[in-house]
Amino acid sequence: MAVATTETAELEVVDLETTSVRELNQRLHDLAGAVPGRHRFRILNPSGAHALACGLDAEIEVEIEGHVGYYCAGMNKLATVRVHGNASTGIAENLMSGQVIVEGNASQSAGATGRGGLLVVRGDVSSRCGISMKGIDIVVGGSVGHMSAFMAQTGCLVVCGDAGDALGDSIYEARLYVRGTVTGLGADCVEKEMRDEHVAQVAGLVVAAGIDADASDFRRYGSARELYNFKIDNAGAY
Amino acid sequence: MATDTERPWNLRESYLFDRNVIAEIQRAAREGIYDIRGFGAKRRLPHFDDLLFLGASISRYPLEGYRERCATDVVLGTRFARKPLELKIPVTIAGMSFGALSAPAKEALGRGASEVGTSTTTGDGGMTNEEREHSTTLVYQLLPSRYGMNPDDLRRADAIEVVVGQGAKPGGGGMLLGHKISDRVAEMRSLPKGIDQRSASRHPDWTGPDDLEIKIHELREITDWEKPIFVKVGATRTYYDVQLAVKAGADVIVVDGMQGGTAATQDVFIEHVGIPTLPATRIAADALQELGMHRKVQLVVSGGIRGGADVAKALALGADAVSIGTAALIAMGDNSPEYEEQYRRIGSSAGFYDDYQAGRDPVGISTQDDELASRFDPVVGGRKVANYLRVLTLETQTLARACGKSHVHNLEPEDLVALTVEAAAMAKVPLAGTDWIPGLASPVSAGSDTV
Ligand SMILES: Cc1cc2nc3c(=O)[nH]c(=O)nc-3n(C[C@H](O)[C@H](O)[C@H](O)COP(=O)(O)O)c2cc1C
């Protein structure tokens, strides 16, 4: 085994100062289909490296001690990845299942095109959070930047802080919940009634995310469904 | 409608406002929306037809037609991938989405390509089991929409193609109109049935060449550096795009000229954006040469490839392989006179049909209607695709042998001359019968200019 790891009963420590990203990811990929809950990893010195712990396909836990670069945990299935730091562009992009938790802030396109699973960012997220999301749930402890949930298809985006301009532009069926202010809504995105089922949904998601928030403080936004089929009378809205 | 012979000779049709233009103005006034259609550019453009081969004679030896070998194999993805694609012929099937095409049509493309040892490509909308099962070598597209994108399909693909653009609409996104969204298509794309699906024009998680490099790195990490990674661009600023794709780490670059087919794009986009395949091919090959990467990063060219002559000329200008879309559909029966009566019923005619967006294709190819799709037999369709690909290959070999080449990749620009000044300038080969390459100063005239 080329990976320099310190074996304990259930925890492997991988130091990226002495191990390459390739070796780390290969080690994690080799666990595809492994017995759930048997493997835990602590990754030291990530130093903003890109594509860390991406393409995983096993119920394993990966704790990353520091900041990560682009596409950390991209396309993962089943795994839990926790970043004790900030994340760059595209954290958990196209996530299929499992969880990704960022203790700090995240950059652009967090959770982009995600198809399942849960992304939690305790801090703030930059622009295009949840862009083109397709089933992922995203809970943000802080605020999100402009163009968040652009063309969002399905899934939920819960923002405990504020949302920037053009929230939910050209949105399809995704549900957006924001506790603070929304600078502006994008094309075809409107505020919708917060019914009991929505309060319950937010309550469930904040609990899953380990964030203390009162679900009844949130407002809901979604598609007005006016732009679903091209009508010339709507041309000005595009 | 009066035929040309019945019409009095004193009536003169305007060149500027011809009947097509008049009909389009009237349609626009009636419907209030731009024309969306399939197929590729229909106007006349400089193309491979404007080039000719100089067959061997006294100064060059030809190869014997049926005796001497002229190899056609091509390997794509030799730069970084652990498992490059090994194809038997230099013609591949381009990405055409399930959604645009019916499931049996996708199956037929897989059957045909596999029979002759070449690859097929998925498209916007994801990978279907039918096409994976029937394609020995399948390229999986990563598009801006990411419809259906998932790591399992990435891993079961043989190569990955990052689609930046398409020749029919460089800078434009995709479109699948509501009436083609069946339950299955809707489910694969995670969208409600019956709504117009606009695919984004930009990728959601990267912008620019530096990001692309990191994206490619991620795809390699997810697939353990096994799969070749293609980057597909519509032909516009081809020189820069090719060099930037090389810098970003592509194994293979696909350049799709403006004639490239589409399933649904605005007519104004199809006809007015991008550069033709002819100049794009030469520019792309030159851009690779300049970096010392020609043949190390493979070049695949598409857009208006119809016969072996187009294939051979693209290869002579420096492509490693070509890719076909429209021609493969035609080989399967699209626009066949057999269906004339049914084409008439939907306001079209065999040889003119381009409403792939409408989903009413009587042949059962560009439709999601079960009844129409069931008319199309994927086994027969597959055989036709294989036959057609064989003919393309035989024709390419015929031309290569005539130029004395034992491998189709040995064709070179020196084997070509141009019929028109514009083609000479674009392909950077001399105008036939002269040593003039417009745009390149010949040694003699350069000398006399400076005096
Ligand atoms: C029906 C149809 C569907 C297409 N769908 C896609 C697609 O999903 N993704 C893509 O990159 N290109 C798509 N294309 C473009 C082809 O991949 C290819 O670039 C083009 O067809 C090449 O030009 P040709 O049709 O003249 O051979 C499509 C083309 C057609 C005709």
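First the proteins, then the strands, lettered A, B, ... as listed; each starts at 1.
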**Report entry** Side-chain donor-acceptor contact under 3.5 Å, B:R360 with B:H179
**Finding:** no
Query raised in the report: Any chance the side chains of B:D158 and B:T137 put a donor and an acceptor closer than 3.5 Å?
Result: no
Report task. Using the six-membered ring of B:F98, assess whether NZ or CZ of B:R184 lies under 6.0 Å from its centre and within 45 degrees of the ring axis. Result -> yes
Query raised in the report: Do the charged groups of A:R22 and B:E221 touch, with an N to O distance under 4.0 Å?
Result: yes
Query - A:H29 portion near chain B, given a 4.5 angstrom heavy-atom threshold - result: side chain
Report summary line: Counting heavy-atom pairs under 4.5 Å with chain A, the top scorer among B:T223, B:D152, B:L154, B:L177 is B:D152
Query raised in the report: Which bit of A:E173 comes within less than 4.5 Å of chain B, counting heavy atoms only: side chain, backbone, both or neither?
Result: side chain
Requested in this report: Give, as side chain, backbone, both or neither, the part of A:N76 having an atom under 4.5 angstrom from any heavy atom of chain B.
Outcome: neither
Query raised in the report: Looking at A:R128, A:M151, A:R225, A:Q108, which one has more heavy-atom pairs under 4.5 Å with chain B than the rest?
Result: A:M151
Query raised in the report: Salt-bridged, B:D251 to B:R79, with N to O below 4.0 Å?
Result: no
Report task. Side chain from CB out, backbone as N, CA, C, O: work out which of these in A:Y71 comes under 4.5 Å of a heavy atom of chain B, or both, or neither. Result -> both
Query raised in the report: Parallel, tilted or perpendicular: which describes the rings of A:Y70 and A:H50, with under 30° parallel and over 60° perpendicular?
Result: perpendicular
**Report entry** Contacting region of B:P204 [heavy-atom separation from chain A under 4.5 Å]
**Finding:** both
Query raised in the report: Counting only heavy atoms not in B:K247, do more than 12 fall under 6.0 Å of its NZ?
Result: yes
Report summary line: Under 4.5 Å to a heavy atom of chain B? For A:R115 that would be side chain
**Report entry** Top of B:I222, B:D211, B:D196 for chain A proximity - count of heavy-atom pairs under 4.5 angstrom
**Finding:** B:D196
Query raised in the report: For B:R155, is it the side chain, the backbone, both or neither that has a heavy atom under 4.5 Å from a heavy atom of chain A?
Result: side chain
